[in-house]
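Reading through the structure tokens given below for one structure.
Along the sequence shown, the residues carry numbers beginning at 1. Nothing here was measured: the structure is a model prediction, and the numbers come from that model. Numbering of ligands and ligand atoms starts at 1, following listing order.
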Amino acid sequence: MTDSTQTLPVPGEVGKLYDALTLSAMTDGSFNPNVHIGYWDTPDSEATIEEAMDRLTDVFIERLKVDASAHVLDLGCGVGGPGLRVVATTGARVTGISISEEQIKTANRLAADAGLTDRAVFQHGDAMKLPFEDASFEAVMALESLCHMPDRQQVLTEISRVLKPGGRLVLTDVFERFPRKVPRNPGIDKFCSGLMSTMADIEDYVGLLQRSGLRVRELLDITEQSTLRLGEELAKLATAEDRPAAMDESNFFPDEAFQPSDLAGVDDFGCLLASAERP
Ligand SMILES: C[S@@+](CC[C@H](N)C(=O)[O-])C[C@H]1O[C@@H](n2cnc3c(N)ncnc32)[C@H](O)[C@@H]1O
């Protein structure tokens, strides 16, 4: 069961956190259109962190199975990198929603720069109460955003409501791998407090999806391909003198108590990938 003692994120505060992170990334040269971990298919994959970030979006695209006739909701869209990649790869129309005004301004600017404003629109809003009619979308993608939302059940129920029958959901979320080392690794607490997140329990996910009206298609533990590998790659980069500003972890969360290296080698900090379908 999910740890009921976790402090629940407040959407308005999460929005301010991402406003601040977006503005600081603009000024310190660390801007990255993807605000998520990477995906390395195999242990011997030589992909860079940036290539692995795009690869994670491609892992979503493989499962979304959308074409140019589809309208996709990107729930917790960041600064639009993943949504714009979906448009460019599949031709689908994407609407992104984020609780951060600054991210939305940036995402719409990136869409304009890419000449994709006819296919990609980003708007401010709270995923806890989606501003869309029932059955509006062929697919919903949520890359690492549910961890910031105070009630996963409510968000998933909203997602189910706005999906058309036959529509798909693909998401990634962080979870604690059990049996966990006791006491809980302090890096996980730093992540949760510094980044206003809670950890899911993978055991809960089937029930969460089913109670939301969604049929589970796939539930994977992708920790080895994502969070654990990212920790290794960041550790390597920490000692590289020519690392780009975008990969300098001291630029990731400049004002926060948490840095990604707090989770290096922490194998009970897990990442799951779920896909589901509205019957
Ligand atoms: C880790 S970032 C991921 C961004 C993006 N999915 C990506 O992969 O680049 C988390 C995102 O979730 C959004 N988010 C968090 N809580 C939200 C809420 N209640 N409603 C809408 N968006 C929210 C944040 O604003 C941010 O865009």
Going by atom types alone, do [X] and [Y] pair a side-chain donor with an acceptor below 3.5 Å?
X	Y	value
Tyr39	Asp58	no
Gln210	Arg215	no
Asp268	Asn185	no
Thr95	Gln123	no

Is there a nitrogen or oxygen of [X] sitting under 3.5 Å from a nitrogen or oxygen of ligand 1?
X	result
Gln103	yes
Glu144	no
Asp74	no
Val35	yes
Ser98	yes
Gly76	yes
Ala127	yes
Pro33	no

Can you pull out the closest protein heavy atom to [atom]? Residue, atom name and distance to 0.1 Å, please.
atom	result
atom 19 (N) of ligand 1	Asp126 OD1, 2.8 Å
atom 8 (O) of ligand 1	His36 ND1, 2.6 Å
atom 12 (O) of ligand 1	Ser145 CB, 3.3 Å
atom 15 (C) of ligand 1	His148 CB, 3.5 Å
atom 14 (N) of ligand 1	Ile99 CG2, 3.7 Å

For this session: Looking only at non-hydrogen atoms, find the nearest pair between Gly38 and Leu56 and report the distance.
Result: C-CB, 4.5 Å

Give the atoms of ligand 1, by number and element, whose distance to some non-hydrogen atom of [X] is under 4.0 Å.
X	value
Val14	15 (C), 16 (N)
Gly125	20 (N), 21 (C)
Gly78	4 (C), 5 (C), 27 (O)
Cys77	5 (C)
Asn34	9 (O)

Exercise. Under 4.5 Å between any side-chain heavy atoms of Met53 and Asn32, yes or no?
Worked result: yes

Between [Y] and [X], is there a salt bridge with N-O shorter than 4.0 Å?
X	Y	value
Lys16	Glu102	no
Asp41	Arg55	yes
Asp204	Arg152	no

If we ignore hydrogens and angles and just use 3.5 Å, is the side chain of [X] paired with the main-chain N or O of [Y] as donor and acceptor?
X	Y	result
Glu51	Thr48	yes
Gln6	Thr198	no
Ser98	His124	no

Problem set entry | Heavy-atom gap Gly81 to ligand 1 smaller than 4.0 Å | no

Proximity to ligand 1 by part of [X], non-hydrogen separation under 4.0 Å:
X	answer
Leu143	both
Pro82	side chain
Pro9	neither

Seminar exercise, completed: Test side chain to side chain donor-acceptor pair (under 3.5 Å), reference Tyr18, set Glu101, His148, Glu13, output is His148

